[in-house]
Amino acid sequence: MSQTIRILLNGAKGRMGQAIIHVAPEESAVIAGAVDQGDNAAKLINDADVVIDFSSHQATLAVAQLCAKNKKPLVIGTTGHTAEEKSAITNAIKDVPVVWAGNYSVGVTLLNALVRQAARALSQAGRWDIEVTEMHHRHKKDAPSGTADTLLKILLEERKLAADALKHGRSGLTGERPLNEIGVHALRGGDVVGDHTVLFAAEGERLELTHKAANREIFARGAVRAAHWVKGKSAGIYGMDDVLGLR
Ligand code: NAD
């Protein structure tokens with residue numbers, strides 16, 4: 001990370017926006033523009049090398065269109081996009097390089113790889129039930145988290161299941177748990193930055209893969225690292241595993 005990059009930051013007044021402003025000087029980055037709801041990002045984009053968006057799922061499409069129009073690379077940090085939003089964003093960014101990750105921490109990027117490896121290995125090793133839990137602070141607006149969504153996508157792929165295999169919470173007379181089900185549980189409370197566990201349960205043993213985030217700086221540093229990496233890349237959608245060379 002030698003050369004300084006200039007960042008246009010969307011969602012600058014939020015928790016993640018503030019974390020990025022805080023870490024930028026230590027990560028060879030300058031905040032060329034800091035915008036939030038109601039501000040005009042278009043006026044500032046020419047002065048930036050890369051745009052980072054940590055605003056809201058509803059705001060990402062406009063940011064993506066602005067980047068496409070001005071041929072600027074983009075780092076998408078927002079989560080909770082609807083299927084329609086995802087498809088419109090994907091269409092808008094087809095000619096620019098973009099890093100789009102539900103979690104910018106090194107540990108969760110590795111967790112994704114370990115979960116894939118475990119799910120693959122255990123699919124040949126008798127019956128293993130899979131449950132996913134995540135816990136976040138009381139202010140979080142979407143569930144399950146973007147990180148949990150990525151873990152679930154990996155598990156569905158490895159188990160060759162469709163999305164209707166996901167069971168969000170359980171209540172009442174649910175009946176016995178079928179094998180081809182993945183339980184998903186979103187806990188909310190306090191100031192928890194982000195805990196994720198993938199639990200594999202068999203007769204007589206359990207394997208739990210857990211990541212706990214203690215502060216937002218890990219996401220902020222990862223997103224700035226992604227901004228350095230994506231500058232000058234060819235058009236495409238990349239993940240944090242590409243940034244860290246883990247793919
Ligand atoms: P927050 O509510 O604290 O901050 C969001 C900010 O965006 C607010 O200041 C709000 O005013 C602003 N905003 C809302 N609409 C906007 C618009 N149209 N244009 C510009 N700004 C707008 O939320 P947060 O905790 O900072 O999280 C922001 C997003 O990042 C969420 O989607 C969250 O799930 C996601 N997140 C992702 C990661 C990751 O590693 N990918 C980590 C943490 C949070």
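Environment of CG in Asn215: crowded, with over 12 heavy atoms of neighbouring residues, nucleotides or ligands closer than 6.0 Å. Heavy atoms from other residues, nucleotides or ligands lying under 6.0 Å from CZ of Arg206 number 12 at most.
Across all their heavy atoms, Ile7 and Ala48 have their closest contact at C-CB, 4.1 Å. Here the shortest heavy-atom pairing between Gly77 and Tyr104 reads CA-CE1, 3.8 Å. Closest non-hydrogen pair, Lys72 versus Val51, comes out as CB-CG2, 4.5 Å. Shown here for Ala12 and Gln18, the closest heavy-atom pair between the two residues is O-NE2, 2.8 Å.
By the 4.0 Å N-to-carboxylate-O rule, Arg120 lies too far from Glu157 to be salt-bridged with it. Looking at Arg177 and Glu131, a side-chain N of the basic residue comes within less than 4.0 Å of a carboxylate O on the acidic one, giving a salt bridge. Ion pairing between Arg116 and Glu158 holds under the 4.0 Å rule for side-chain N and carboxylate O.
For the pair Lys233 and Trp229, the cation-pi criterion (under 6.0 Å, within 45° of the ring axis) is fulfilled.
Asp241 and Thr109 share no side-chain donor-acceptor pair at under 3.5 Å. Using a 3.5 Å distance cut-off with no hydrogens or angles, the side chains of Ser28 and Thr4 do not pair a donor with an acceptor. A donor-acceptor pair shorter than 3.5 Å cannot be found between the side chains of His57 and Thr79.
Put simply, the residue from Ile31, Val35, Asn46 that forms a side-chain contact (heavy atoms from CB on, under 4.5 Å) with Leu8 is Val35. Of the residues listed (Lys140, His139, Arg138, Met135), the one engaging Arg188 in a side-chain contact (heavy atoms from CB on, under 4.5 Å) is Lys140, and it is the only one.
Between Asn180 and Pro178 there is no side-chain heavy-atom pair separated by less than 4.5 Å.
The hydrophobic clustering, which links ILVMFWY residues whose side-chain heavy atoms are closer than 4.5 Å, places Phe54 and Val224 together.
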